[in-house]
Amino acid sequence: MPDNSSSYNPNETEEKIYRLWEESGFFNPDNLPERHQKPFTIIMPPPNANGSLHLGHALTTATEDIMIRYKRMRGFKTLWLPGADHAGFETQVVFEKKLEKEGSSRFEILKQEGGREKLYKMIWDFTQTNKSHMEDQIKKLGASCDWSREKFTLDPNIIKTVYQTFKKMYDDGLIYRASRIVNWCPKHQTALSDLEINWEERNDKIYYVKYFLADNPKEFIIVATTRPETIPGDFAIAVHPQNKQYKNFIGKSVTNPLIKNRGKYGDAIKVISDSAVDKDFGTGALKITPAHDSVDFEIGKNHSLPLDYQIIGWDGRMNELTGELNGLKILEARTKSIEILEKAGALEKIEDYKHQVSVCYKCKNTIEPLPRTQWFVKMTEAPKSGKLSLRDLATEAVKSGKVKFVSKKFEKIFNHWMKNIRDWNISRQIVWGIPIPIWYCAKCGQDILFIENGRPDRCPKCNNNSFKKESDVFDTWFSSGQWPFATLQACRPDDFKRFYPTSIMETGWDILFFWVARMIMFGLYVTGKIPFEHVYLHGLIRDKDRQKMSKSKNNAIDPLGVIDLYGTDALRLALIIGNAPGNDPIISEEKIRGYRNFANKIWNASKFVMMNLEDFAPLSKPTLTDGDKKILKELGKFIKEVTKDMENFRFYAAGEKIYHYFWHTFADKIIESVKPRLKSADKNERLASQYLLLEILKTNLKLLHPFMPFITEEIYQKLPIKEKKLLMIEEWPI
RNA sequence: GCGCGCUUAGCUCAGCUGGUUAGAGCGUCUCGUUUACACCGAGAAGGUCCGGGGUUCGAGUCCUCGAGCGCGCACCA
C-alpha cells in the first residue's frame with residue numbers, strides 16, 4: 001500500500017474505482033470476455049423520478065448488484081438494466097405538494113390557457129432533474145448496471161409498446177369502458193384503483209332514521225346508516241326477502257325524510273327485497289343510494305333504480321340536488337342533515353359505531369365512492385384469443401413453478417390476492433402520465449382506439465370526422481407492468497431475444513400486487529412467456545422503533561450521508577447481513593459503523609499481507625506444511641459453503657460467513673500464526689507463508705467483491721499479481 | 001370475515017430437508033500501549049429456543065391446541 005495511514009478512507013477510492021469500472025465497459029454484457037455466454041438478466045425496478053433515493057433503494061441496489069456481480073464472476077453474460085419511472089399519480093402528488101408550498105396548485109395552473117400542457121411540462125422538467133440526481137446516487141451505491149441501456153417509462157418506444165399492448169387487449173375484449181362506482185379522492189380529484197386505498201378504523205356514529213310510509217305517515221321503517229347526508233340520493237330501502245318485521249312494507253313507498261321534489265326522478269323510495277342485505281345487521285333494512293355506494297349501485301342496477309343521481313360533487317361538496325345541504329362539505333352536511341331529521345321527528349337514535357373507512361393512500365382523506373365512466377381491464381375473463389384470463393395466466397405460471405418465489409410466504413399472499421381480484425380501473429384523471437389513446441366521435445360518441453400520431457379520420461360508425469380526445473391517462477402500473485419486455489424490446493434489436501425471460505425480479509414486497517403480479521400477467525399475455533424466473537422480495541426498512549422510514553417521520557437515514565461517513569461498502573453490508581428476504585430489516589447507524597470497522601480490518605490486514613510480500617517472487621510453488629494444507633483445505637470448504645448460499649439467495653448468510661472468516665479466521669488466527677514464519681531464516685518457510693497469505697487474501701477479495709465491491713477492487717488492483725484483470729470480471733474461486 | 005407471518009442471549013437476527021455441549025453481530029464485564037488495525041487484541045458472563053399436548057430413538061426444527069404481536073386482503077349499511 002502506498003500510504004501508511006492506519007484507516008481506510010472510502011471517499012478517496014470509491015469514485016475512482018467506479019470510473020475504472022465504467023471505462024472498462026464491462027457493465028455492458030456485449031463487452032464481456034468470451035467466457036461469458038449464458039445470459040443472466042435483472043431489470044432494475046425503476047425508481048420514481050420524483051425525489052432522492054432512500055435506504056430502500058440502497059437495499060434494492062445492493063441486493064441486485066450482489067447477484068449481478070456474483071453471476072458475472074461466475075461467467076454469465078450479465079445484464080442489469082437501469083431505468084427511471086415517471087410514476088404518474090405519485091409524482092403528481094409530490095409535485096402538487098411543491099406547488100402548494102409555493103402558494104399555487106394544480107387547479108390554479110389548469111385554469112390557465114394551455115394549462116394542461118404547461119403543467120405537464122413543469123412536471124417533466126422536475127422529473128428530468130430528479131432522474132439525473134438518482135443516476136448519480138445509484139452510481140455512488142456501486143451499481144454495476146448497463147447505463148447504455150437505461151430507459152425511462154415515458155420514452156417514445158416504451159409508450160409505443162404500451163399502446164400496442166392496449167390495442168391487443170382492446171381487440172381481445174379485455175378492455176372495456178363502463179360506469180362504475182370508483183374510489184374517488186376529492187383532494188386529488190382522480191379515481192384510484194382498489195390497491196391505492198387504505199382502510200382506517202374510525203370511531204363514528206350510526207344513525208337510526210325513520211322513513212314514513214307515503215300513504216300512511218303513522219307507520220315507518222327504521223334504517224341504520226353512517227351516512228345520513230346521502231339520504232337525498234336514496235331510491236329504495238332494501239330488506240332481506242325473509243325479513244319478518246318489514247315483510248308488509250315490501251312494494252310500498254316511503255318518503256324521503258330529507259328532501260322533497262326531486263323532479264323527474266320522483267320522490268318515491270320503494271321498499272324492495274334483496275338477498276344482499278344482511279338481515280341481522282342494524283335494523284335489517286338498508287337504504288339504497290345507488291350513486292354513492294358500490295353495494296347500493298349493484299342492488300340499484302338489479303332493481304332498475306337511477307344509478308347516476310349524484311348528489312356529491314367531484315370536489316367532495318354536496319351539490320344543488322341536496323337542498324339545504326348544497327355547498328357543504330361531507331361532514332358539515334352530516335351534521336346539518338341530522339338537525340333536519342331531528343326537527344322532522346325522523347331520527348330514532350344515535351349510537352357510537354366503530355368501522356373501517358377507506359382513505360386515499362397518499363393524502364389519507366376519506367375516499368368518496370362516486371359513479372364515473374372509466375376504462376377497465378378484465379382480470380378474470382379469458383380474452384377472445386386465449387383460454388386463460390390474465391389472473392389465471394399468472395396463477396398457473398406460479399403454480400407450475402415457472403415463476404418461483406424466493407420466499408414461499410409471498411406465493412401464498414399472491415395466490416390469496418389473485419383469488420379475490422376484481423377488474424382493474426386504469427383511468428386516472430391526472431395530467432402526468434401516458435394518455436389513454438382513445439378518441440370519441442363528437443356525433444355518436446363511439447370510442448375509437450387510435451395509437452398513431454394525429455387523430456382518426458372518420459368515425460367507423462357514423463362517418464363523422466370530429467372527435468374529442470380522452471383526457472384520462474393510464475394508471476402508471478399499466479405501463480410499468482410491461483416493463484421487462486418493454487425495456488428489452490426498446491434496446492438493441494436482439495436484446496429481447498437474448499435476455500428475455502429475465503432471471504430475477506427483485507423488489508420490495510409492498511409492490512407485489514401493484515407491480516410483480518401485473519408484470520407476470522402482462523408478460524405472459526403479451527409475449528407468451530414469463531417475464532422472470534424468480535421473484536425475490538426484500539423487506540421494508542424500519543428504524544430502531546420498527547417504524548417505516550420516511551421523510552415525514554424524520555427518521556429516515558440518508559444513504560448519501562452515511563456513505564460519506566462510512567463508505568458505500570459498509571452501508572451495503574449493513575443492509576444485507578442479518579436480513580433474510582421478506583423480513584423487514586432494522587437499520588441503525590451503529591450497524592453501519594460496525595461494518596465500517598470491518599472495511600478497515602480488511603484494509604489493514606491487506607496492508608500487512610502486502611508489506612510482507614515485497615520480496616515474494618517464487619519460481620515455483622513453495623512446499624507447504626501440513627498445517628498450511630489443512631488451512632487451504634478448509635478454505636476450499638468455506639468457498640463451497642459461501643457459493644451454496646449465493647446460489648440459494650442467502651446473501652445474508654454468505655455475507656456473514658465471509659465476514660467471520662476474514663476477521664476471526666484469517667486475520668485473528670492465520671495471520672497471527674504466520675507472523676513468526678515470515679521472519680524465518682528458512683527461505684521456503686518464508687515463501688510458504690507468503691504464498692498462503694496471498695492465496696487466502698485473493699480468495700477472500702473475490703468472495704467479498706459482490707458485497708463490498710469498492711474496497712475489494714481497490715486492494716486487488718494493488719496486489720502483486722502478474723496478469724491481473726479487474727476483480728469485477730475475475731473468476732469466482734470455485 | 002378470509003388469509004399470511006412472527007415469538008431463539010440486554011438489542012437486531014441466523015438456525016436449509018429433525019441428529020453431537022443452540023449460533024452471529026452489536027452491547028455488557030475483565031485484561032492488554034505484542035509497530036497491519038483501539039474503526040484493535042485476548043478472554044468472560046448471558047438463553048425454561050412464547051406456553052400446553054403429540055409424533056419420534058431423538059424437536060428450536062414436524063403436527064395440534066392456546067397466548068401475545070405484526071401484516072395483507074375484504075362492498076356489512
Side-chain angles (χ1 to χ4, degrees), chain A residues 1 4-9 181 183 194-195 197-199 206-209 223-228 230 237-238 276-289 292-299 353 355-356 358 369 407-422 509-510 512-513 539-540 542 544 546 566-567 570 573-574 577-580 582-612 641 644-645 648-650 652-653 655-657 659-660 663-664 667-668 671-672 675 693:
Chain A
M1 299 258 163
N4 285 322
S5 63
S6 64
S7 59
Y8 170 62
N9 184 347
I181 296 291
N183 304 307
D194 292 340
L195 286 174
I197 58 171
N198 291 139
W199 292 84
I206 189 162
Y207 307 89
Y208 289 77
V209 180
V223 169
T225 179
T226 53
R227 301 206 58 188
T230 64
I237 303 290
V277 180
D278 182 345
K279 52 181 187 262
D280 300 321
F281 186 89
T283 62
L286 174 63
K287 76 184 199 65
I288 304 300
T289 324
H292 295 280
D293 184 282
S294 55
V295 175
D296 295 10
F297 187 85
E298 290 306 315
I299 294 178
Y353 187 61
H355 64 153
Q356 308 268 36
S358 59
S407 216
K408 279 284 166 201
K409 78 170 173 187
F410 291 120
E411 188 175 323
K412 292 181 191 165
I413 294 173
F414 169 88
N415 286 330
H416 186 253
W417 182 68
M418 282 297 197
K419 219 168 122 185
N420 302 321
I421 198 167
R422 297 194 299 159
W509 59 253
D510 53 330
L512 170 59
F513 308 141
L540 274 31
R542 313 274 168 166
K544 274 178 285 189
R546 243 171 241 290
Y566 305 116
L573 217 49
I577 292 182
N579 179 10
N583 293 349
D584 290 350
I586 291 174
I587 302 292
S588 61
E589 201 168 326
E590 293 85 84
K591 189 172 179 188
I592 302 166
R593 202 179 298 135
Y595 293 109
R596 184 273 316 265
N597 296 352
F598 179 49
N600 194 233
K601 189 74 186 177
I602 298 170
W603 186 256
N604 280 296
S606 304
K607 189 167 86 180
F608 176 82
V609 171
M610 281 187 267
M611 270 166 44
N612 288 288
E641 280 173 27
K644 198 177 160 199
D645 284 337
N648 290 301
F649 304 102
R650 290 193 296 257
Y652 61 96
E656 192 173 323
K657 273 177 193 149
Y659 173 98
H660 201 252
W663 199 320
H664 301 298
D668 289 347
I671 288 184
E672 289 308 318
K675 272 179 181 173
L693 290 182

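All values reported here derive from a predicted model rather than from experimental measurement. Just so we're on the same page: letters track the sequence lines, and every chain starts at 1.
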| request: Scan A:Phe297 against the nucleic acid and name what it touches under 4.0 Å (heavy atoms): base, sugar-phosphate only, or nothing. | output: nothing

| query | Base, sugar-phosphate, or nothing: which does A:Asp668 touch, judged by heavy atoms less than 4.0 Å apart? | reply | sugar-phosphate

| query | Is B:rU56 paired to anything, Watson-Crick or G-U wobble with both distances less than 3.5 Å, and if yes, which nucleotide? | reply | none

| task | Mind checking the CD-CZ spacing from A:Glu656 to A:Arg650? Nearest 0.5 Å is all I need. | result | 12.5 Å

| said: Applying a 4.0 Å non-hydrogen cut-off, can you work out what A:Leu286 is touching in the nucleic acid: base, sugar-phosphate, or nothing? | reply: base

| Can you check whether A:Asp293 reaches A:Pro369 side chain to side chain, under 4.5 Å on heavy atoms? | no

| Nearest to the side chain of A:Leu195, which nucleotide is it out of B:rC73, B:rA36, B:rC40? | B:rC73

| query | Does A:Trp663 place a side-chain N or O at less than 4.0 Å from the phosphate oxygens OP1/OP2 of B:rG41? | reply | yes

| query | Within the structure shown, what part of the strands sits under 4.0 Å from A:Arg650 by heavy-atom distance: base, sugar-phosphate, or nothing? | reply | base

| note | Scanning all shown strands, the Watson-Crick or wobble mate of B:rG5 with both distances under 3.5 Å is B:rC69

| What is the base-pairing partner of B:rA38, counting Watson-Crick and G-U wobble geometry with both distances under 3.5 Å? | none

| request: For A:Val277, answer base if it contacts any base atom (sugar-phosphate contacts may also be present), sugar-phosphate if it contacts only those atoms, and nothing otherwise; contact means non-hydrogen atoms under 4.0 Å. | output: base

| message | Under 4.0 Å, heavy atoms only, any strand: does A:Gln356 hit a base, just the sugar-phosphate, or nothing? | response | base

| task | Both distances under 3.5 Å, Watson-Crick or G-U wobble: report the partner of B:rA45, or none. | result | none

| field | Whichever of A:Tyr595 and A:Phe608 has its nearest RNA chain B nucleotide further upstream toward 5' | value | A:Tyr595

| query | Out of B:rA14, B:rA74, B:rC76, which nucleotide sits closest to the side chain of A:Phe281? | reply | B:rC76

| Nearest to the side chain of A:Asn600 - B:rC37, B:rC71, B:rA14? | B:rC37

| task | For the pair A:Lys601 (side chain) and A:Tyr659 (backbone), establish whether a donor and an acceptor sit closer than 3.5 Å, ignoring hydrogens and angles. | result | no

| field | Whole-angstrom distance between B:rG27 and B:rC11, as gauged at atom C1' | value | 7 Å

| task | Counting heavy atoms from C-beta on, name the nucleotide in B:rG25, B:rC39, B:rA36 closest to the side chain of A:His664. | result | B:rG25

| Considering only side-chain heavy atoms of A:His416, which listed nucleotide, B:rG3, B:rA14, B:rC39, is closest? | B:rG3

| request: Quick one: look up who B:rU33 pairs with, Watson-Crick or G-U, both distances under 3.5 Å, and put none if it's unpaired. | output: none

| query | What's the closest nucleotide to the A:Lys409 side chain, out of B:rG15, B:rC4, B:rA36? | reply | B:rC4

| said: Let's see if you can work this out: which of B:rA74, B:rG72, B:rA14 has an atom nearest to the side-chain heavy atoms of A:Tyr652? | reply: B:rA14

| said: Looking at the base of B:rA36, is there any donor atom on it, or on the side chain of A:Lys675, that sits under 3.5 Å from an acceptor on the other one? | reply: yes

| task | Check every atom of B:rC76, B:rA14, B:rG72 against the side chain of A:Asp278 and return the nucleotide holding the closest atom. | result | B:rC76

| message | Keeping A:Asp278 on the side-chain end and A:Asp280 on the backbone end, is there a donor-acceptor pair under 3.5 Å? | response | yes

| task | Using a heavy-atom cut-off of under 4.0 Å over every strand shown, decide if A:Gly594 touches base, sugar-phosphate, or nothing. | result | nothing

| Is the shortest side-chain N/O distance from A:Tyr659 to OP1 or OP2 of B:rA14 below 4.0 Å? | no

| request: Select from A:Asp194 and A:His660 the residue whose nearest nucleotide in RNA chain B is closer to the 5' end of that strand. | output: A:His660

| request: Just name whichever nucleotide pairs with B:rG18, Watson-Crick or G-U, keeping both distances under 3.5 Å, else none. | output: none

| Which atom pair, heavy atoms only, marks the closest approach of A:Asp584 to A:Arg542? | OD2-NH2, 2.6 Å

| message | Checking contacts here: which listed nucleotide (B:rC39, B:rA74, B:rA36) is nearest the side-chain heavy atoms of A:Trp199? | response | B:rA74

| field | Phosphate OP1/OP2 of B:rG25 contacted by A:Arg593 side-chain N/O (<4.0 Å) | value | no

| note | The nucleotide from B:rG72, B:rC13, B:rA36 with an atom nearest the side chain of A:Asn583 is B:rC13

| message | So, does A:Asn604 get its side chain near the phosphate of B:rC39, meaning an N or O under 4.0 Å from OP1 or OP2? | response | no

| said: Applying a 4.0 Å non-hydrogen cut-off, can you work out what A:Asn579 is touching in the nucleic acid: base, sugar-phosphate, or nothing? | reply: nothing

| request: Determine which nucleotide pairs with B:rA24, using a 3.5 Å limit on both distances of a Watson-Crick or G-U wobble pair. | output: B:rU12

